[in-house]
2 protein chains.
Amino acid sequence: MGISERKDRGKLELKTQILNAARKLFLEQGFDKTSMRNIADLIEYSPGTIYHHFADKNAIFYALHSEGFRELGRRMIVLSAVGDPLERLKAMGKIYIHYALENSDMYDLMFIKEEPVDSVDDDKPWEEGNDVFGGLRMTVQECIDKGYFEGHQVEPLSYMVWSAVHGMVSLHIRKRCDVIDHAACTDIVGESYESFIKLLDKS
Amino acid sequence: MGISERKDRGKLELKTQILNAARKLFLEQGFDKTSMRNIADLIEYSPGTIYHHFADKNAIFYALHSEGFRELGRRMIVLSAVGDPLERLKAMGKIYIHYALENSDMYDLMFIKEEPVDSVDDDKPWEEGNDVFGGLRMTVQECIDKGYFEGHQVEPLSYMVWSAVHGMVSLHIRKRCDVIDHAACTDIVGESYESFIKLLDKS
DNA sequence: TTGGATTATTGAACACTGTTCAATTAAATT
DNA sequence: AATTTAATTGAACAGTGTTCAATAATCCAA
């Protein structure tokens, strides 16, 4: 079956070619302004060819979106070095925020954009998100076990922490934070997260 | 000038006709799936006519988005009855969340969707948002004045509070909260907000 | 090596999109 | 009634995602 191996390799190469072109164009000009023809032009194939490797435009960007989660997960690995769960939780938020602000287009795809309905099964909903949130939930649970956050439940508390950091970065990415007084506050996301940490420390 | 009055009235009527049709279609099928021709068909005018009342598609939905802010502001009026600023702050969040979940498409337009770059002047950035955030900032300032939130600054703290509620509702609207264990938590946004309030109360 | 079956690739075509603009119709003014 | 002004049209433009019959390239057995 040496032949079909080469076949698979060739196919995979084109698939990654498409993905590379899509990523390049997407990071340069955003999702909406990246057309299938743009991608096809860049890899010098006809538009129709792409559809033999991806069901539709969403499928391409769903693949990229998965890449983003792998990278985010990779950045979270260093957290295993942090013993105290509350400190780990705080560091987690910092990593999350850094990733989001450094890769805002990717973050957009991962957490802000409308999910393509077709690409998500009802049975296995959003596996990538589950991995990230699972890590958060575990850390929050450890905090509770150690006596932090008295009177809180793990599920709502985890969601709240996630919401706080997601809110900060997504309002920033979507430029809704122009309402902030820049004289009084240069790095609104950073300082806002410090404010949040102060709340956590008092609990 | 009785004639030009009638003229203005007629023009305004068509303008609101367009707005009504746009709102109806938008709430039924969303922004992207609502086309200019759809709107034109509904009011039985040609597509070109719309462009004599609105610069482009964004202008129409920017007008709707302004409506949304007026409604949200209207709902905030009852807060003047709440004397204690911390209680007022908490009630503010509740109203915000309720509005967002009841009018999720509108909220999408107001806080999640990419702002059309052209519709925002650099000098007067996002007036509507300023009004809402101004109310939040004032209440937070009052809290600080009364001795709550020791060691916090008004600007980052306000942004943090806003981020928390925005995060909760926007993750919910964009269906990113499927990662939550529904057995342990039926109303994730509500319970998560309760968790947040507990943090505020301890500060 | 040749012929037949597979597979990959093409590019035209379809039904849409937002937007523009010369031509037409309607209304108001002189 | 004639003329000016404003409102309205619908075809046209350049683009979109997607499909599909036709073509080109490849592989495998005889």
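What you see is a predicted model; the values in this text were computed from it and never measured. Numbered from 1 within each chain, the chains take letters A, B, ... in sequence-line order.
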>> Please evaluate residues B:Arg137 and A:Asp181 with respect to the criterion salt bridge (charged side-chain N to carboxylate O under 4.0 Å, His left out), reporting the C-alpha separation (whole Å), side-chain torsions for both, the decisive distance (0.1 Å), and the verdict.
In response: CA-CA 11 Å; B:Arg137 188 198 280 113; A:Asp181 182 8; over 6 Å; no
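As a whole-Å value, the separation of A:Ile60 CD1 from D:dT18 C1' is 12 Å. Put simply, CG on A:Asn38 is 14 Å from P on D:dT18, counting in whole angstrom units.
Salt-bridge formation is not detected for the pair B:Arg70/B:Glu67: no Lys NZ or Arg NE/NH1/NH2 atom is positioned less than 4.0 Å from an Asp or Glu carboxylate oxygen. The residues B:Glu102 and B:Arg75 are annotated as salt-bridged, a charged nitrogen and a carboxylate oxygen being separated by less than 4.0 angstrom. A:Lys175 and B:Glu114 are not joined by a salt bridge, as no carboxylate oxygen comes within less than 4.0 angstrom of a charged side-chain nitrogen. At a threshold of 4.0 Å, the pair A:Glu71-A:Arg74 counts as salt-bridged, since one of the basic side-chain nitrogens sits closer than that to a carboxylate oxygen. The pair A:Arg174-A:Asp108 meets the salt-bridge criterion, with a side-chain N (NZ, NE, NH1 or NH2) lying under 4.0 Å from an Asp/Glu carboxylate O.
DNA chain D is contacted by both A:Ala55 and A:Lys33; A:Lys33 maps to the nucleotide lying nearer its 5′ end (nearest heavy atom per residue).
Scanning residues 19-28 of chain A for heavy-atom distances under 4.0 Å to DNA chain D yields an empty list.
Counting only residues at least two apart or in different chains, ring-ring contact (aromatic ring centres under 6.0 Å, His included) contacts with residues 175-203 of chain A are absent.
Looking only at distances, a side-chain donor or acceptor of A:Thr16 sits under 3.5 Å from a matching main-chain atom of A:Glu13.
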>> Each nucleotide in nucleotides 9-16 of chain C should get exactly one letter: B, S or -. Can you fill that in based on protein heavy atoms under 4.0 Å?
In response: BBB-B---
